[in-house]
Amino acid sequence: MSTEKSLFGSYNGTDVNKYTIKNCRGMSFSVIEYGATLTNIFAPDKNGKFVDVLVGFDDLDGFVERSDYQGMTVGPYANRIGGAKFSIDGREYNLTANEKGVTSLHSNGELSHKVWKYDSSGENYVSFTTDRRDGVGGYPGNMNFTVKFTLTDDNKIKIEYRAVSDKKTYINLTNHSYFNLSGFAGGSILDTKIKIDADYFTPVDEFSIPKGKLKEVEGKAFDFREFHKIGERIENDCRQLKNTHGYDHNFCINNYDGSLRKCAEAVDEKSGIKLEVFTTLPGVQFYTGNFLNGTIGKDGKPMKKRTGFCFETQYYPDTPNNPSFPSCLFDAGQEYTSETCYLFSAE
Ligand code: BGC
C-alpha cells in the first residue's frame, strides 16, 4: 500500500493536490482536492493489465471549465429538486434554478466546483473536508462535509461521507464517476452488461422530476434484475427513455434498510473488467452519458454521447417534494453518514 501526493494544478491561486493510492496488487486510484474528485481508477483487466476505467480529464482546467461532474463529489443535494424549491417546517426555500431556469441540478455545482481541504491520509486512504455557508444558492444550513476514499487489498474503493448542518436541512451526496470498463479509449458503453437490484424505478416528467410514484421495472427496458447490455433496449420507443435521451433514472434499491448492500454491477466482455457497486443509500441513478457532447477529455480524446455510464448512489431525486420517498431531512446537529463502494475484478 502507498499514498503519493503531487501538485495537480492551481485554482484561483490555491494549489490543488492529487493523491494516488496503490494497493499491493497494483490497483490504484487518484483523487484531487478540487471537487473531491476521482480522476483515475486503474483496475486490472482479464490479462492483468491496468486500465483507467474513468472518463474524465488530465488537467484541472478540464474539471473547472468543461466538466459534466466527471468523478466529482456532488452536494449538498445531488440530482434534481423540482421547481428549484422546497419547504421545511412551513418555510419555503428558493434555490438557484440552474437547469432550464426551472429545476435545481446538483446544487449548481456548489460542492463539486470548489477546492476541498486535505483532512487526513494513511497508507490506504485520504480524506477531504469542506464547509458551506447558510443560504448559498438559497439552500439552508451552515454545513461541514467530509469524504474519505479508501483502497482495500481486495480492489475495493470505499467512499465514506459525513455531513452536519446547524439548521434542519436536506442532505444528498453522491460521487459522479463516469465509467468505461474498456478504458476511456474503449468507445461506446452500449455493449457493457449491467445488472441493478431494483424492482422499481422513479419515472420522471419532462424536467426529469419524479412525481411520487414508483413504477415496476417488470416487462420494461428498465428491468436490469438480470444482466442486459446497456444498448439492448436503450432505443426502445418508450416515453421514459425518450424524455431523457437514454437512461437517466433513479432505481429504488431492493430491501433498503441503511445497511451496505450490492445495488449494481457492470461487466465489459472486451476487458473482462467487472464493477460491483455497494451502498447504504436507497437509490442509484443509472445515467448513460446522454448529454456528453464531445468535450475533449483525457489524451485529447472527445467524450462523446454514451462513452461513459454512472451509478450515482443517492436518496431519490426531488425527495424534498416527495414525502413518500425515504427521507433525507436531517435535524440541526444530526449527522448524515453514508458509504458507497466500487469493487473491481476481472473475468
Ligand atoms: C443527471 C444528468 C446530467 C448529469 C450531468 C446526472 O446526474 O441525471 O441528467 O446530465 O448528471 O449533470
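Values in this document were obtained by computation on a predicted structure and should not be read as measured data. The basis for the numbers below is simple: all heavy atoms, side chains too, and nothing from hydrogens, waters or symmetry mates. We count residues from 1, following the sequence as given. All ligand and atom numbering here is 1-based and tracks the order in the structure.
Under the 6.0 Å distance and 45° angle rule, Arg133 does not count as a cation-pi partner of Tyr139.
Only the side chain of Tyr178 comes within 4.0 Å of ligand 1, counting heavy atoms alone; its backbone N, CA, C and O stay farther away.
Remark: among candidates Asp248, Asn98, Val204, the nearest residue to atom 2 (C) of ligand 1 is Asp248, based on non-hydrogen atoms. Nearest-heavy-atom check against atom 11 (O) of ligand 1 across Gln285, Gln314, His176, Glu312 picks out His176.
Residue His106 has at least one heavy-atom neighbour below 4.0 Å for each of these atoms of ligand 1: 6 (C), 7 (O), 11 (O), 12 (O).
Phe291 and Asp248 get closest at one heavy-atom pair: CE1-OD2, 3.9 Å.
Aromatic ring centres of His106 and Tyr69 lie closer together than 6.0 Å.
Polar contact with ligand 1: present for Arg80 (N/O pair, distance under 3.5 Å).
Salt bridge annotation for Asp205-Lys211: present, with a cationic side-chain nitrogen under 4.0 angstrom from a carboxylate oxygen. Ion pairing of Lys46 with Glu347 is absent here, as no side-chain N (NZ or NE/NH1/NH2) approaches a carboxylate O to less than 4.0 Å. With respect to Arg225 and Glu218, a salt bridge is recorded, a charged nitrogen being found less than 4.0 Å from a carboxylate O.
Protein heavy atom closest to atom 12 (O) of ligand 1, with residue, atom name and distance, is Tyr69 CD1, 3.4 Å.
At least one heavy atom of Leu105 sits closer than 4.0 Å to an atom of ligand 1.
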